[in-house]
2 protein chains.
Amino acid sequence: MAEKHELRDKGLRLTPQRELVLAAVRELEHATPEEVAEKVKLTHPGINLSTVYRNLETLENVGLVQHSHLGHGGVRYHASTEEIHAHLNCESCGTIIEVPIDATASFTQSLLDGYGFHTDLAHLAIAGRCESCFNMPEAPNKP
Amino acid sequence: MAEKHELRDKGLRLTPQRELVLAAVRELEHATPEEVAEKVKLTHPGINLSTVYRNLETLENVGLVQHSHLGHGGVRYHASTEEIHAHLNCESCGTIIEVPIDATASFTQSLLDGYGFHTDLAHLAIAGRCESCFNMPEAPNKP
DNA sequence: AAGCAACTGCAAATCTTTCGCAATTAGTGT
DNA sequence: ACACTAATTGCGAAAGATTTGCAGTTGCTT
């Protein structure tokens, strides 16, 4: 892994905790800080939750990770290198569907034209229901 | 006000607190539970914050109010009778721009066609930056 | 007017995220 | 290899938001 250089190049120190947090974000995709901590604990049980929070913030500041708000479940982090995408978040089963940002281009353009609004669809999920949950009206698939 | 019947018709008891919470949500539009409590306290100073939370939940269960996630600032409630609309939430200054749902119809249709996703744009705000914040790159207007 | 379940107020519990501070450690220069 | 300094960590406490248990109150039905 080229992580060592990635982190140093950003002016960050290379600590085991930091490497593991970054690796966890990359592997998990859309993970909550709690989930990242769980993952890191597998190989580094002593890590403190506040260290995870601080590293997520630090890594976000240098642009290596980003967070999104995916609805009820709080904040989630993903690696910046992932293709930029919007998130469709099923409110019933929690499934996240990723949509390439070009598929949203005409919509965001219309918001710019109509409201002068510069949309950042990557940051907040779009709520709704996926096909299968939509078809069982009153029996949501709680995960 | 026809509130009395509205509430009873839903099988709810008519308490001053409940009436005031509903009235506050209707007047405030996009209010946080905290803001609703403030409003109610003007006429009913003794109301407890947990009563506000409980009533918001109850009123949501019977469909009289709904909540949305408008970005970093937490949950906000609005009356169900309001025109359905999407929210554009400026991440710099916090301004909320309301967009009639028809303006989003072709976008949501394309998500349905492409991903089988039934979009509920009213529930989660769309993040971005409003015109004026967009024009001052590194000096966000924190409210 | 009486009874009961719904509702409220209060205090404490949870949950998530942040902060202060002292101890540790990575990266630099010697 | 060794020492130095600032960044980073762990830990405990704090803060903010929301929930819960419980006992007392109150709306609604009879």
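Excluded from the calculations below are hydrogen atoms, water molecules and symmetry mates; all remaining heavy atoms, backbone and side chain alike, are included. Keep in mind that what you see is a predicted model, and the values were worked out from it rather than measured. Order of the sequence lines fixes the chain letters, A, B, ..., with proteins taken first and strands second; residue numbering starts at 1 for each chain.
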- Item | Residue pair A:L7 / A:R13, side-chain heavy-atom distance below 4.5 Å |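 No - every pair of side-chain heavy atoms lies 4.5 Å or more apart.
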Might you point out which heavy atoms bring [X] and [Y] nearest each other, and give the distance in Å?
X	Y	value
A:Y77	A:P33	CE1-CG, 4.0 Å
A:C90	A:C130	SG-N, 3.4 Å
B:A24	B:V40	CB-CG2, 4.0 Å
B:V65	B:S80	N-OG, 3.4 Å

Please list, pair by pair, any protein nitrogen or oxygen found under 3.5 Å from a nitrogen or oxygen in nucleotides 23-26 of chain D.
{"from": "D:dT26", "atom 1": "O2", "to": "B:R13", "atom 2": "NH1", "distance (Å)": "3.4"}

- Report the end-to-end axis angle of the helix from C:dA1-D:dT30 to C:dT30-D:dA1; each axis comes from five terminal pairs, and the value is rounded to 10°.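 That helix gives 30° between its end axes.
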Atom-to-atom span, [atom1] of [X] to [atom2] of [N] - whole angstrom:
X	N	atom1	atom2	value
B:N61	D:dT19	CG	C1'	15 Å
A:R8	D:dT8	CZ	C1'	15 Å
A:K10	D:dA7	NZ	P	19 Å
A:R18	C:dT24	CZ	C1'	14 Å
A:L14	D:dT8	CG	P	11 Å

- Would you mind telling me which of A:H85, A:H67, A:H69 makes a ring pair (Phe, Tyr, Trp, His ring centres under 6.0 Å) with A:H30?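 Among A:H85, A:H67, A:H69, the one meeting ring pair (Phe, Tyr, Trp, His ring centres under 6.0 Å) with A:H30 is A:H85.
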- Give me the residues of residues 41-58 of chain A where at least one heavy atom lies under 4.0 Å from an atom of DNA chain C, by number, or none.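 A:L49, A:S50, A:Y53, A:R54 - these, ordered by number, are the residues of the stretch whose heavy atoms sit under 4.0 Å from the strand.
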- Item | Earlier contact from the 5' end, DNA chain D, for B:P33 and B:L12 |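 Closest to the 5' end, via its nearest nucleotide, is B:P33.
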- Run through B:I47, B:V52, B:V36 and flag the one making a side chain to side chain contact (heavy atoms under 4.5 Å, CB included) with B:K41.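 Checked B:I47, B:V52, B:V36 against B:K41; only one passes side chain to side chain contact (heavy atoms under 4.5 Å, CB included): B:I47.
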- Under-4.0 Å side-chain N/O to phosphate OP1/OP2 contact, A:Q17 with C:dT25: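 Indeed not, no polar side-chain atom of A:Q17 lies that close.
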